[in-house]
Number of protein chains: 2
Amino acid sequence: MTLSEEDYIKIIYHLGKGEQGTVSTNAIAEKMETKPSSVSDMIKKLSEKGLVNYKKYQGVTLSEYGIKVALSIVRKHRLWEVFLVEKLEFSWDEVHEVAEQLEHIKSEKLIDMLDKHLGFPQIDPHGDPIPSKNGEFKKSIKRLLNEVPVGKEGICVGVKDSSRAFLKFLDKNKIALGDSIFVVDKEEFDGSLQIKIRDVDIQISNQIASNLYLRIIE
Amino acid sequence: MTLSEEDYIKIIYHLGKGEQGTVSTNAIAEKMETKPSSVSDMIKKLSEKGLVNYKKYQGVTLSEYGIKVALSIVRKHRLWEVFLVEKLEFSWDEVHEVAEQLEHIKSEKLIDMLDKHLGFPQIDPHGDPIPSKNGEFKKSIKRLLNEVPVGKEGICVGVKDSSRAFLKFLDKNKIALGDSIFVVDKEEFDGSLQIKIRDVDIQISNQIASNLYLRIIE
DNA sequence: ACAAATATTTAGATTTGTCTAAATTTAATT
DNA sequence: AATTAAATTTAGACAAATCTAAATATTTGT
């Protein structure tokens, strides 16, 4: 597979929201930052290679095989993102462009060993799930922290209350977007939570927890 | 710079033995696994871009700028090799192909942080020196272990005595090609050496040391 | 020094992925 | 249902990097 083909497959995968959806030529063109006519040409090629199902003027869907390829690219992309954040001190919002290049490196051993080196992570720095080697993965969902069950881990992806006071609190407690949060325990009495963040345990009130969004795995 | 241009520059650098030498079209063609006519075309392009000095039928040399570019590619290649061996458990003879791809990833921060993550290594798993960010590097030389000064580190790159008995000894003491060896101390009396290998100190006789080649940095 | 051998370059064609402009199909509006 | 608007495809062209075949330059051997 050429670099360009891989880009198309990945974009079709994302636009099709995982797998099903039919994707339009124009939508692909916009994401690829190219012209619809170029997309038509490329789709024809991908169709001949059995990567997509295609009927003229009717949009495309990924074939079984196309989905497999897409998942392997997504897997590589997300593993590299974890690497950049965990090992090279990148922040979660700096990793995309570089991972976009790294995802095209061809070596099965490389990815297997990277996966191992990172401790077989299940989510990337944006809270999205990392497909396993054979293409399985859990869907991720966005939940308020106070609704996350004990024993689950998630990535902090947003706030409900964006008041100055709340943001200040987060800053003081070193809670930032992109941080991984593990729910250690929940207090029945007042709904307060014990969470582990950057390897330290802290206690937060239910009110705080009900204003923080995590992305967790089902 | 395109991927192909980078490959040409790197090959011209290596064929020119570092920097000076004039490199022939045919030699480049062979290394690039392409035809001399294609090389002619590409050299013309590289010349227009100021990367090489070129006179028809007279071969090419890298320009100042070309050397700079070459060193940056070599730096990336060798840092990735260290990463693969040190962090992902690749063996020294498996890394080349993958590093060949990784060297083309474009991100200054990536390389800076990788360098830091690896502890600013000076030699790669083959014992070759890693250029610094601004293109400086020491030449590497091959020395018998018993001639390596105390306090120096090198990579085991070969044996002088390849007898069964000697190889067995090496195997028993877990000394293998590609291992990094640090000379801790030298005993005046009998010329025996204390070396550190894979973080353990061992004692070896002068006779052993005089049959093992290391690649060290000047 | 000259012919033969070798190395290098030019000319013209090919492939991949792209483009513009024009044609065609589908969707939307009245 | 007819017409306009939007989306999609086709046709023909282009740049990058390559190729083959032919032309030209350089080197070598005697």
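Lettering follows sequence order; numbering is per chain, from 1.
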- Report the C-alpha separation of B:His126 and B:Asp93 in whole Å, then their side-chain angles, then the decisive distance to 0.1 Å, and conclude whether the side-chain hydrogen bond (donor to acceptor under 3.5 Å, both in side chains) test is met. CA-CA 8 Å; B:His126 305 100; B:Asp93 55 346; over 6 Å; no

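- Counting any heavy atom pair closer than 4.0 Å across all strands shown, A:Ser40 reaches a base atom.
- A heavy atom closer than 4.0 Å to some atom of DNA chain C occurs in A:Ser4, A:Tyr8, these being the qualifying members of residues 4-12 of chain A.
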Nucleotide N/O of nucleotides 13-16 of chain D paired with protein N/O under 3.5 Å:
none

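- Salt-bridge annotation for B:Glu153 and B:Lys196: absent, with no side-chain N of the basic residue lying under 4.0 Å from a carboxylate O of the acidic one.
- One finds a salt bridge joining A:Asp112 and A:Lys133 here, because a Lys/Arg side-chain nitrogen approaches an Asp/Glu carboxylate oxygen to under 4.0 Å.
- Atom C1' of nucleotide D:dA6 and atom OH of A:Tyr57 are separated by 12 Å, given to the nearest angstrom.
- Residues from residues 30-37 of chain A placing a heavy atom under 4.0 Å of any atom in DNA chain C, listed by number, are A:Thr34, A:Lys35, A:Ser37.
- Between the CD1 atom of A:Ile28 and the C1' atom of D:dT9 there is a distance of 14 Å, rounded to whole Å.
- Under the 4.0 Å criterion applied to side-chain N and carboxylate O atoms, B:Glu100 and B:Lys10 are assigned as salt-bridge partners.
- The CG-P distance, from B:Leu3 to D:dT18, rounds to 10 Å in whole Å.
- Whole-Å rounding puts the B:Lys56 NZ to D:dT27 C1' distance at 19 Å.
- Using a cut-off of 4.0 Å between Lys/Arg side-chain N and Asp/Glu carboxylate O, B:Arg78 and B:Glu103 are scored as not salt-bridged.
- For B:Lys106 and B:Glu6, the salt-bridge test passes: some basic side-chain N is under 4.0 Å from an acidic carboxylate O.
- Distance NZ (A:Lys55) to P (D:dT9): 13 Å, rounded to an integer number of Å.
- Electrostatic pairing of B:Asp179 and B:Lys174 does not count as a salt bridge here, judged by no charged N lying under 4.0 Å from a carboxylate O.
- In this structure, A:Phe83 and B:Trp80 have tilted ring planes: the angle between them lies in the 30° to 60° band.
- The shortest distance between the side-chain N/O atoms of B:Asn26 and the OP1/OP2 oxygens of C:dT8 is below 4.0 Å.
- Of the residues near DNA chain C, A:Gln58 and B:Ser38, the one whose nearest nucleotide (by heavy atom distance) lies more toward the 5' end is B:Ser38.
- A cation-pi contact, defined as under 6.0 Å to the ring centre and within 45° of the axis, links B:Lys142 to B:Tyr213.
- Both tests pass for A:Lys109 against the ring of B:Phe90: distance under 6.0 Å to the centre and angle within 45° of the axis.
- Summarising the geometry, the separation between NZ on A:Lys44 and P on D:dT8 is reported as 14 Å, rounded to the nearest angstrom.
- The two residues A:Gln122 and A:Ile217 make their nearest non-hydrogen contact at O-CD1, 3.3 Å.
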